[in-house]
Amino acid sequence: MFNVFAIAKPIVMVSDEWCPYICTPEEQDKGYVVEVVQAAFMAMSQPTQFEIQPFSRALKSAQQNKIDIVLAVNHEQLERYQLHASNQPVGHYSNDFYVEKNDLWQYERPRDLYGKQLAIIRGYSYGVTLDNFLPLLAGVYRASGDSPLEMNLKRLSKGRVNVLLGNRLVVDYVAHREQLTGQVRYAGTEGPPVALYIGFSQHAATDGLVQLYEQGLGLIKASGQYREILERYQVAQVF
């Protein structure tokens with residue numbers, strides 16, 4: 001049944017740029033999450049179509065069954081947008097703070113953010129603690145578009161904001177790519193890492209795509225292709 005569906009149409013999977021998890025379709029390295037999911041479906045003879053969209057739009061599109069998959073979704077987002085999760089996580093997210101290289105500020109608790117100009121990404125959830133605290137802050141800049149982290153890093157390096165909130169793996173990757181590594185500094189983390197999953201729309205789950213993905217994932221793990229993808233992106237382990 002799944003292979004009949006697989007021949008019918010490509011699966012549309014969407015997220016925003018979040019290298020090295022998710023990069024742009026035009027790049028040679030599309031991101032390790034993108035490559036793992038594509039390889040898993042390819043092992044089941046299922047074509048895929050990968051698109052970049054703002055993350056908030058991608059979540060709403062999946063909720064409305066306009067697309068099949070949103071990549072790298074946490075439990076809270078899965079519940080809020082009524083998506084079905086992959087059985088296994090595809091990575092983890094941590095709330096990491098960055099400042100300009102000469103700024104001695106260090107994050108220890110939410111109230112340390114009072115009086116700061118903070119850059120975040122519109123549509124992202126940062127966990128219960130920060131999601132409840134951020135509305136209390138006066139100076140919050142919410143970036144949107146296809147490359148919001150790049151936008152926030154440039155704002156930080158130019159002094160338009162003085163704190164950036166993101167994921168350390170992603171921030172370090174993008175900062176290196178944009179030649180901004182020497183201009184920003186890691187300044188602490190809020191809370192423990194959060195697991196990230198593949199989010200399937202209701203229609204995609206009904207069509208059997210969750211099971212199809214899990215079967216394909218098992219095949220690429222057995223063949224060694226899964227480990228090769230992670231090693232190429234220098235990801236030691238998914239979770």
Side-chain angles (χ1 to χ4, degrees), residues 1-75 77-79 81-93 146 169-170 173 195-239:
M1 179 182 70
F2 297 144
N3 283 337
V4 171
F5 177 82
I7 296 171
K9 62 177 183 178
I11 293 171
V12 179
M13 52 191 221
V14 177
S15 190
D16 62 359
E17 184 179 351
W18 209 46
C19 285
Y21 298 86
I22 298 129
C23 307
T24 63
E26 294 78 19
E27 293 185 67
Q28 182 176 357
D29 295 328
K30 294 181 175 63
Y32 86 81
V33 174
V34 177
E35 291 199 28
V36 164
V37 176
Q38 286 182 327
F41 281 121
M42 187 177 298
M44 302 300 293
S45 301
Q46 168 63 64
T48 58
Q49 178 181 331
F50 167 47
E51 299 177 3
I52 290 289
Q53 287 183 12
F55 196 63
S56 56
R57 186 197 305 169
L59 289 167
K60 292 176 183 176
S61 294
Q63 184 182 35
Q64 296 166 0
N65 293 299
K66 294 179 179 178
I67 61 173
D68 300 304
I69 287 174
V70 183
L71 302 173
V73 185
N74 65 30
H75 269 300
Q77 292 158 344
L78 288 164
E79 292 179 3
Y81 293 93
Q82 300 174 316
L83 306 180
H84 293 259
S86 54
N87 293 332
Q88 302 177 56
V90 293
H92 71 275
Y93 176 86
D146 293 341
L169 180 63
V170 181
Y173 184 95
L196 297 171
Y197 297 85
I198 304 302
F200 295 81
S201 71
Q202 296 285 347
H203 284 182
T206 300
D207 286 332
L209 294 189
V210 181
Q211 297 93 325
L212 192 71
Y213 166 72
E214 297 294 345
Q215 291 174 33
L217 185 63
L219 291 176
I220 66 171
K221 285 187 174 182
S223 71
Q225 185 179 6
Y226 176 81
R227 176 52 54 188
E228 289 175 4
I229 293 171
L230 296 189
E231 288 178 350
R232 184 152 44 82
Y233 285 89
Q234 300 182 345
V235 178
Q237 60 182 15
V238 165
F239 199 74

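What you see below is based on every heavy atom in this structure, not just the backbone, and it leaves out hydrogens, waters and symmetry mates.
Residues passing the ring-ring contact (aromatic ring centres under 6.0 Å, His included) test with Phe50: none are found, sequence neighbours excluded. Annotation: salt bridge (Lys or Arg N to Asp or Glu O under 4.0 Å) contacts of Arg57 (sequence neighbours excluded): none.
Annotation: side chain of Asp29 is in contact with side chain of Tyr233 (closest heavy-atom distance under 4.5 Å). Residues Ile220 and Leu217 are in side-chain contact: their nearest non-hydrogen atoms beyond the backbone lie under 4.5 Å apart. For the pair Ile11 and Leu209, the minimum side-chain heavy-atom distance is below 4.5 Å. For the pair Ile67/Ser201, no side-chain contact is recorded, criterion being any heavy-atom separation below 4.5 Å from C-beta on. Within the 4.5 Å cutoff, the side chain of Ile52 has heavy atoms near those of the Ile22 side chain. Side-chain contact between Val70 and Phe55: present, with at least one pair of heavy atoms (C-beta onward) separated by less than 4.5 Å. Asn74 has its side chain within reach of Leu196: a pair of non-hydrogen atoms, C-beta onward, lies under 4.5 Å apart. Within the 4.5 Å cutoff, the side chain of Ile198 has no heavy atoms near those of the Val210 side chain.
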Determine, stepwise, if the pair Tyr197 / His75 fulfils side chain to side chain contact (heavy atoms under 4.5 Å, CB included). CA-CA 8 Å; Tyr197 297 85; His75 269 300; 3.5 Å; yes
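Checking side-chain atoms of Gln46 against main-chain N and O of Leu212 turns up no donor-acceptor pair under 3.5 Å. Checked by atom type and distance alone, the side chain of Gln38 never pairs as donor or acceptor with a backbone atom of Glu35 at under 3.5 Å. With hydrogens and angles ignored, the 3.5 Å screen pairs a side-chain donor or acceptor of Asp68 with a backbone N or O of Val12. Although no hydrogens or angles enter the test, the distance criterion places no donor-acceptor pair under 3.5 Å between the side chain of Gln202 and the main chain of Gln64.
Shown here for Asn87 and Glu214, the closest heavy-atom pair between the two residues is N-OE2, 2.6 Å.
Taking the six-membered ring where tryptophan is involved, the planes of Trp18 and Tyr93 are essentially parallel, since the angle between them stays under 30° and well short of 60°.
Other residues, nucleotides and ligands contribute only 12 or fewer heavy atoms inside 6.0 Å of the NZ atom of Lys66.
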